[in-house]
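As the structure lists them, so they are numbered: ligands from 1, and atoms in each ligand from 1. Basis for what follows: all heavy atoms, side chains included, without hydrogens, waters or symmetry-related copies.
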Amino acid sequence: MKKLAERNPEKLIDLLLERRTFERTAVKLYDRVLSLMSASEDAQILGMLDTMQAYRDEEAEHQEWLEEQIRALGGDVNGESARSRLAATEARGIEQVILREDMELPHLFHALMAAELVDNAGWDLLTALAEEADDDEALDAFLLRQAEEEDHLEYLRETMSRYAESQVLGGALQLPTEP
Ligand SMILES: [Fe+2]
Ligand SMILES: [Fe+2]
C-alpha cells in the first residue's frame, strides 16, 4: 500500500478505519442473523446456513486484514476517525433492525442487503483509488475482497427477490440455498 500512502497517510488510515468499522458491524449483523437462522425449523432457512456462515467469515477476514494494514501504516486500530464515526452512525439504523427481538428473518435479510450495498460501495471506492494511484499491490488485495462483497450482495438480492416474488406474485417460496 506504499503508493497509496505516499501523500496523505492519515487520510488513507481514515478511509481504512471507516471500512474496518463497517466490517466489524457486518460481522455482528451476520452473527445475529446466523443465530436466528440456526434456531429456525424451516429447511430452506437451514439450507442457507453454510453460505451465510461463509460470508460471515469473509467479513471477519476483511476486518482482520484491514486492521493489519492500519497497524502497518502506524494507525491505531482501536482509534476512531471522522469517517469511522460517520460509518458507525450510519450503520446504527441497520443495527437497530437486526438487534430487535421481534424481527422476522425476511426483515433481517433486508437490513443485511442494505449493509452489503454500503459495503460494496466502500470496496469499490478503495479499488478505484488504488487504480488511480497505480498501486498494484493494494489493487490486488482490494479486488479480491471486492469480488467477495459482490457475491454477498448478489445472494442477498436474490433472497429478497424470492421473498418478494412469493409475497407479491404468489406461489411457493424458493430461497437460494446455493451461493
Ligand atoms: Fe464486508
Ligand atoms: Fe459483505
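Within Glu59, the N, O or S atom lying nearest to the Fe ion (ligand 2) carries the name OE2. The N, O or S atom of Glu23 with the smallest distance to the Fe ion (ligand 1) is OE1. When distances from the Fe ion (ligand 1) to the N, O or S atoms of Asp119 are compared, OD2 comes out shortest.
Between Tyr55 and His152, the ring planes are tilted. Angles from 30° to 60° get that label. Between Trp65 and Trp123, the angle of the ring planes lies from 30° to 60°, which puts this pair in the tilted group.
The OE1 atom of Glu149 and the OE2 atom of Glu116 subtend an angle of 150° at the Fe ion (ligand 2), given to the nearest 10 degrees.
The two residues His107 and Val97 make their nearest non-hydrogen contact at O-CG1, 4.2 Å.
Contact check on Glu61 versus Arg145 returns a salt bridge, with a Lys/Arg side-chain nitrogen under 4.0 Å from an Asp/Glu carboxylate oxygen. For the pair Lys28 and Glu95, the salt-bridge criterion is met [side-chain N within less than 4.0 Å of a carboxylate O].
At a threshold of 2.8 Å, the Fe ion (ligand 2) has a backbone or side-chain N, O or S atom of His152 nearer than that distance.
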